[in-house]
Structures are given as C-alpha cells and as structure tokens.
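The structure under discussion appears below in the form of structure tokens.
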Amino acid sequence: MYHDLERTYRGRFAPSPTGPLHFGSLVAAVGSYLEAQVHHGEWLVRIEDVDITRCRPAYEHAILRTLDCHGFRFDARVMRQSGRTATYQKALNRLFHDATVFGCACTRKEIGDSTLGADGAPVYPGTCRAGLPPDREARAWRIRVGEAVIAFDDGVQGRVEQNLATEAGDFVLLRADGLFAYQLAVVVDDAEQEITHVVRGADLLDSTPRQIFLQQGLGVPTPQYVHLPVAVNAAGEKLSKQTMAAPLDDEKPVPALWRALDFLGQSPPAALEQASLHEFWEWATIHWSLAKVPKTRTIAI
Ligand code: GLU
C-alpha cells in the first residue's frame, strides 16, 4: 500500500464556550470541516475554555450538541483547555529558560494610552522589559518579541507580514488574573494535537504572527493557515453573543448550513436548502473549493 510521507491532514474547530454557536461560528466550522473532508483528513473539536471567567459548561454542551445536530462528525475525545494548565506552565517555563519572558507590573490603565496595534489593542510600550520599576511586582508575564518580522502565506488571504514590535508588541502569556493567555494555549494545543491546517475566522489573522513566533520559540511546527471571511453586522461588528447573534436552530440545521456555504462563495443550488442533512453534506463535500472563498476579511450580512 502507498504510504504518504507527508503528515496526514489534521484540522480542528476550536470554539470558546462563551455562548451558543451562531452563524458566524458555523461558517468557520463548515469551512474547516470541508477542508478536512476533501483532504481525507481528521477534524478535531477543541473546547477553548482557557479563560474560565468567560466560559460556561452549559455552552460547551450546547455547542457539541449543535455540531452533532448539524451533521459534523468528530472524535468524541474533545480536548478542553481548562484541564491543561500544567502543560501551559511547562511551555512557559521553557520560554523562561530561553530568557525571553519577563514579569510586567503595568496595569491595563498604564498601557492604555499606547499606540494601537494590528488588532486594535494597545501595543505594549516596553516599560518593564529591562526590569521591574522599583517597588513594583510582576502582575503578568510577557514575551519579548525583539525585531521579529513574521510572514506567512494564508490559504485565502494571501501573503501576510507583521512586524511584531510595532504591530503587536511584547505580549502576555500569563495574565494578571493567573490565567494563561489564548495565544500560548492555542499554540501548545495545536502542536500537541499535531494540527497541520488551521482554518478559522479572519478575526484571528492578526494573532497568527504571534502564534508563529511562539511556535518558533517552542520549536514546534507551524501549521498551514487559512483565514475565512468573518460575518459582520451592518455596523461592521463581528457576530457574537455581544452583538446579539441568534443561536443556531438544532431542529432545522440545513438552512443555516446552506447560508454558511453560500457565504463562503460556493454557490449552492437553491434546492439544496430543502435537502436532507446527508444530501447537504454530500453536495458540499463534492463541490467544496477553497479557491471560491472570497478573499476578504469581513462580509456584512
Ligand atoms: N477559540 C477561538 C474563538 O472561539 C478560536 C481560536 C482558533 O481557532 O484558533 O474565537
């Protein structure tokens, strides 16, 4: 039998259980699932509840049920970030060892006036980079980004380049409230689950250079990235619980799946909206083409 020397395709969907799934999250789920299907790969679901202050177990159950009702097939062994603190600590220790991590005493207010970075958050001005000011204690732990310029080729958005110092700054790995930051958790988890392809919303495009930087620091492989357009409302805001995005209807999955496929530029036939779940996925898998996905970060719906 022929054995491919390349690693098998392994994708994932990594929702945060801060609310039920809505149309915006369905788009990312559909895109990452179909990419995995057409590559005959695996598709894992990971519950990103690292920020336990914002997550609720009831939402996790609702999300998994909604995925199931919408016909996604995935391994029942779902990884949960909330149980992985010791692993994140090990990764942090490793970065410490390489002397790139430093304690930071600054409050949010103290850095609030700094210039804004690519994701709209203030770029850390470097106050504690060379040591804590006298009589101050470390609240959070940051990684020094130095002069790093990170570039990668995104499967939809094309070439992306970011100067970490000016567009992100030294970023937090362990937060002042003692929780590990998303950027560290996601990198450690993608590496441990041997994810080869990350297909997700373009709202995370500006985070990807920080994640690649951490992968380099930890000596783990960088997956291929594909950032799908994100659904926004008329005000340009990403659909979320905060913007009152309606939860998906577990009883009527096909119309929402159809809309997600249409949103992703696949031009599904109108009749498919009335099809069974099985027929929907059959058509979607046969016709899925990443090349047809609009090469834009946001689409207003
Ligand atoms: N947990 C993140 C979210 O729900 C997604 C992270 C990722 O896909 O890397 O927005």
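Side-chain atoms are counted along with the backbone in the values below, which use heavy atoms only and exclude waters and symmetry mates. Just so it is clear, the structure is predicted and the values come from calculations on it, not from any experiment.
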Hey, what's the ring geometry for Tyr9 with His39, parallel, tilted or perpendicular (30° and 60° as the breaks)? parallel
Among Asp189, Thr87, Asp49, whose side-chain hydrogen bond (donor to acceptor under 3.5 Å, both in side chains) with Gln81 holds? Asp189
Please round to the nearest 0.5 Å and tell me the distance separating atom CG of Leu248 and atom SG of Cys69. 10.5 Å
Has Glu110 got a side-chain atom pairing as donor or acceptor with Thr107's backbone, closer than 3.5 angstrom? yes
Side chains of Val45 and Phe72, heavy atoms from C-beta outward: is any pair under 4.5 Å? no
With a 4.5 Å heavy-atom cut-off, do Asp68 and Arg73 have their side chains touching? yes
So, Glu167 side chain and Asn163 main chain: donor-acceptor pair closer than 3.5 Å or not? yes
Could you check if a side-chain atom of Trp288 sits within less than 4.5 angstrom of a side-chain atom of Leu261, using non-hydrogen atoms only? yes
Here the gap from Ile63 atom CD1 to Ile47 atom CD1, rounded to the nearest 0.5 Å, amounts to 5.5 Å
Compare all side-chain heavy atoms of Gln215 with those of Pro221 and state whether any distance is below 4.5 angstrom. no
For Arg200 and His227, which I'm curious about, is there any donor-acceptor pair between the side chains at under 3.5 Å? yes
Fit a plane to each ring of Phe263 and Phe23, take the angle between them on a 0 to 90° scale, and name the class: parallel (under 30°), tilted (30 to 60°) or perpendicular (over 60°). perpendicular
Tell me, with the steps shown, if Val226 and Val293 meet side-chain contact (heavy atoms from CB on, under 4.5 Å). CA-CA 11 Å; Val226 175; Val293 174; over 6 Å; no
Look only at the side chain of Gln266 and the backbone of Ser289, and say whether a donor-acceptor pair between them is shorter than 3.5 Å. yes
What verdict does the side-chain contact (heavy atoms from CB on, under 4.5 Å) test give for Phe171 and Tyr124, after you've listed the backbone C-alpha separation in whole Å, the side-chain angles of each residue and the deciding distance to 0.1 Å? CA-CA 7 Å; Phe171 56 97; Tyr124 178 67; over 6 Å; no
Given 3.5 Å as the limit, does a donor-acceptor pair link the side chain of Thr100 with the main chain of Leu95, or not? yes
To the closest 0.5 Å, what do you measure between NZ (Lys292) and OG (Ser267)? 6.0 Å
Could you pull out the closest heavy-atom pair between Ala168 and Gln162, with the gap in Å? CB-OE1, 4.2 Å
Has Gln224 got a side-chain atom pairing as donor or acceptor with Val198's backbone, closer than 3.5 angstrom? no
Is there a side-chain contact between Arg259 and Val30 (heavy atoms, below 4.5 Å)? no
Working note: Leu257 + Leu26, criterion side-chain contact (heavy atoms from CB on, under 4.5 Å); need CA distance, chi angles, decisive distance, verdict. CA-CA 7 Å; Leu257 287 166; Leu26 185 67; 4.0 Å; yes
Given side chains that start at C-beta, do those of Tyr182 and Asp51 come closer than 4.5 Å, heavy atoms only? no
Side chains of Pro229 and Thr298: does their closest heavy-atom pair fall under 4.5 Å? no
Look at the side chain of Arg94 and the backbone N and O of Leu218, then say whether any donor-acceptor pair between them is shorter than 3.5 Å. yes
I'd like to know if the side chain of Trp281 and the backbone of Ser276 have a donor-acceptor N/O pair within less than 3.5 Å. no
Does Arg297 come within less than 4.0 Å of Asp154, counting only side-chain N to carboxylate O? no
Nearest 0.5 angstrom please: Arg175 CZ to Leu173 CG, how far? 12.0 Å
Between CD1 on residue Ile212 and CZ on residue Arg210, distance to nearest 0.5 Å: 12.0 Å
Whether the side chain of Arg54 engages the backbone of Thr18 through a donor-acceptor N/O pair (distance < 3.5 Å, no angle test) should be reported. no
Donor-acceptor pair, distance only, cut-off 3.5 Å: does the side chain of Asp170 make one with the backbone of Val145? yes
Would you please classify the geometry between the Phe152 ring and the Tyr225 ring as parallel, tilted or perpendicular, with 30° and 60° separating the classes? perpendicular
Is it the case that the side chains of Arg46 and Gln193 hold a donor-acceptor pair, with the cut-off being a distance below 3.5 Å and no angle test? yes
If you define the side chain from C-beta out and look only at heavy atoms, does anything of Leu44 sit under 4.5 Å from Met79? no
